[in-house]
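What follows is one structure encoded as structure tokens, with my remarks underneath.
Chain naming here is simple, since letters A, B, ... match the order of the sequence lines and numbering starts at 1 in each. A quick note: this is a predicted structure, and the numbers were derived from the prediction, not measured.
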2 protein chains.
Amino acid sequence: MGSVMRRPTIMDIARAAGVSKGAVSYALNGRPGVSEATRERILSIASDLGWAPSNPARALAPGGRVGAIGMVVDRPARSLGIEPFFMQLVSGVETELAAVGIDLMLQVADNVDSEIAVYRRWAAERRVDGVVIVDLRVEDPRPEAMGVLPLPAVVLGGPEGTGGLPCLYTDDAASVREVVHYLAALGHRRIVRVAGPEDFVHTRDRSAAFQQAARRAGLDEARTVHADYSGEDGGRTTRRLLADAEPPTALVYDNDLMALAGLGVASEMGVDVPSQLSIVAWDDSALCRLVRPSLTAISRDVVAHGRRVAQMLNGVLSGERVANEETPLGELRPRGSTGPLLP
Amino acid sequence: MGSVMRRPTIMDIARAAGVSKGAVSYALNGRPGVSEATRERILSIASDLGWAPSNPARALAPGGRVGAIGMVVDRPARSLGIEPFFMQLVSGVETELAAVGIDLMLQVADNVDSEIAVYRRWAAERRVDGVVIVDLRVEDPRPEAMGVLPLPAVVLGGPEGTGGLPCLYTDDAASVREVVHYLAALGHRRIVRVAGPEDFVHTRDRSAAFQQAARRAGLDEARTVHADYSGEDGGRTTRRLLADAEPPTALVYDNDLMALAGLGVASEMGVDVPSQLSIVAWDDSALCRLVRPSLTAISRDVVAHGRRVAQMLNGVLSGERVANEETPLGELRPRGSTGPLLP
DNA sequence: GTCGATGACTGAACCGGTTCAGTCTCATGT
DNA sequence: ACATGAGACTGAACCGGTTCAGTCATCGAC
């Protein structure tokens with residue numbers, strides 16, 4: 001109280017315990033080199049003093065970790081705020097990391113290049129121990145860029161094109177087939193997919209599966225059009241599709257936000273959902289349950305997804321060899337926005 | 001290439017330039033103590049070597065900063081994913097910080113106590129230089145807790161109850177009055193506010209302003225009921241209100257998510273919006289524009305809000321005296337969800 | 001009774017920066 | 001011609017941990 005409060009250091013503990021700095025370090029880290037009695041005395045003094053390790057000092061020591069991992073989010077700014085996917089992912093990653101005392105750095109970027117620049121800076125300045133790469137693209141430059149950076153990474157997506165980085169992926173193709181069969185069984189013959197940007201790997205995978213399933217089901221029309229995940233673009237695209245001479249009777253969206261926008265546009269154009277148009281969303285957030293009619297959706301546990309990828313990255317940081325993993329299939333949750341075509 | 005790649009240090013630069021470590025430090029930081037010629041030579045070598053300062057080392061030096069600030073999010077987990085507010089706020093804070101090379105740490109917490117525990121840990125381990133405190137509560141324990149922590153903070157909310165911390169606040173009362181006058185002018189006499197949790201300061205401020213404005217406008221009924229910001233709770237509350245013998249003819253929600261849920265419940269109960277029920281949302285995200293009818297909302301520039309609070313915290317970290325600030329008023333954006341009561 | 005092993009602990013180096021107290025050089029003023 | 005001072009630069013301490021090479025005492029084995 002006499003002077004300005006200063007964070008206690010291991011030197012303070014050493015003095016109070018009458019031992020050396022090194023002994024304190026051994027005691028606090030549970031390593032051999034001190035007797036059990038001394039260890040307990042030191043721990044008790046540390047706790048009395050309210051000591052906590054200085055993260056910068058730990059990180060600076062040879063072989064030290066900074067105790068943080070990073071995530072860069074790079075999607076159209078206007079969709080970022082709303083898209084539930086990211087916050088859920090972050091929340092999953094975060095809860096997993098909190099358990100082991102690792103922090104999460106978040107950064108938004110405009111494009112892949114500035115995203116890579118962020119990784120470079122993080123590596124050069126030793127800001128994080130590793131990163132999670134999201135939204136894998138076709139010919140994605142990021143895995144290669146990570147190759148020359150001393151920064152461990154785990155990819156969300158794949159398993160192709162990850163450049164040897166461990167990845168966590170989902171078999172979207174199976175879910176796409178399920179959706180097509182479901183809609184075909186309801187009598188739909190003209191289905192259009194309003195997909196995300198063409199250069200995302202999972203977009204391409206879903207598109208391929210969609211075409212194949214549609215052919216097998218003998219649909220009259222099965223196209224994929226691309227939008228940017230934003231509500232605005234999703235709405236615009238829907239408007240164009242519904243204005244066709246022979247409009248589709250079912251629309252499958254690549255995220256919930258665009259599906260919501262599509263629902264709004266249908267209502268605005270006097271197209272009844274589901275009697276004249278069925279709508280399916282990908283990724284099931286509360287949004288889908290809140291609107292009327294409620295949205296049929298493919299539901300994944302995004303939070304669990306985040307936890308898992310955090311675990312994988314933790315494994316990599318601990319020096320383990322981490323294998324690629326597949327998450328459980330998304331489940332189709334039929335709701336009010338899909339139904340048989342009525343005359 | 002011969003050996004393992006090692007991050008270049010100022011010592012490497014010093015050797016290459018034939019000067020001492022100290023000289024390199026002066027040169028790199030633009031401080032006096034080296035000649036202009038030497039400075040340029042050092043800078044060029046540094047750039048050739050691809051040098052970047054080690055953040056842990058900088059942080060460890062006396063008076064050093066860790067170059068990161070933290071934000072803890074503490075809201076019901078189920079609303080977190082969707083609520084656009086936070087991601088927009090984060091995005092604003094982030095863009096501002098990126099410009100000055102500061103990173104953002106994000107953490108989710110279950111309650112105020114674990115939130116305070118996070119601040120304590122961050123301070124003790126020197127993880128961040130400062131924090132932004134969101135969602136100020138009545139009798140909030142956080143400002144006081146920060147008082148004994150060597151961790152600068154700026155509060156979003158107030159200006160009362162911030163315990164002397166600088167804050168950024170909005171005059172919500174004026175917006176509430178505007179909404180009440182607007183609805184009264186449309187002929188509404190029974191208005192209910194579906195507010196956020198009672199213990200948030202801005203909730204209380206809005207409630208007080210609401211009661212006063214309602215009295216002045218001579219409304220028949222003006223109540224405030226509380227929900228937890230989640231869509232589920234918003235929907236449940238709406239269902240209860242609309243089932244009343246004399247249901248309200250206008251509902252004012254404290255966030256967009258609950259307004260969306262309310263809209264869904266009205267549709268489900270066969271209550272037409274806006275001819276039988278008007279709905280107003282607080283905080284205008286793309287959601288409000290995407291649903292049909294589109295939601296009348298109070299629009300604030302949340303991203304700018306985030307930028308501003310980041311600037312204030314930066315000021316505090318630079319040792320400036322930072323004064324409380326008020327952000328521009330929210331603007332009422334009338335849309336399809338409000339209108340005159342029809343017979 | 002000596003040898004060697006084991007365990008407890010110390011002292012110092014190290015990580016990569018920042019900063020302070022000096023030293024040395026050279027131009028300037030008188 | 002000589003004190004003065006400014007500018008350029010060096011060497012070392014320091015931040016707060018981790019870790020390694022020793023030192024010393026104790027104990028058991030032969």
A/Glu40 CD to C/dA8 C1', in whole Å, measures 16 Å

Please give, in whole Å, the distance from D/dC15 P to A/Asn55 CG? 18 Å

What residue pairs, at least two apart or across chains, pass side chain to side chain donor-acceptor pair (under 3.5 Å) with a residue in residues 58-70 of chain A? A/Asn29-A/Arg58

For B/Arg120, check side chain to side chain contact (heavy atoms under 4.5 Å, CB included) against everything at least two apart and list the hits. B/Ile116, B/Leu149

With a cut-off of less than 4.0 Å, is there a side-chain N or O of B/Ser35 near OP1 or OP2 of D/dC9? yes

So, are B/Lys21 and B/Asp12 salt-bridged, with charged N and O less than 4.0 Å apart? no

Taking five pairs at each end of the helix from C/dG1-D/dC30 to C/dT30-D/dA1, what angle separates the two helix axes (nearest 10°)? 50°

Any side-chain donor near an acceptor of the partner, B/Ser44 and B/Ser47, under 3.5 Å: no

Note, B/Ile133 side chain near B/Leu156 side chain (heavy atom, < 4.5 Å): no

Under the side chain to side chain contact (heavy atoms under 4.5 Å, CB included) rule, collect the residues that match up with B/Ala17, sequence neighbours excluded. B/Val19, B/Arg41, B/Ile42, B/Ile45

Counterpart residues, side chain to side chain contact (heavy atoms under 4.5 Å, CB included), relative to B/Glu40 (two or more places apart): B/Glu36

B/Glu144, CD: over 12 other non-hydrogen atoms inside 6.0 angstrom: no

B/S/- along nucleotides 16-27 of chain D (protein heavy atoms under 4.0 Å) is BBBBB-------

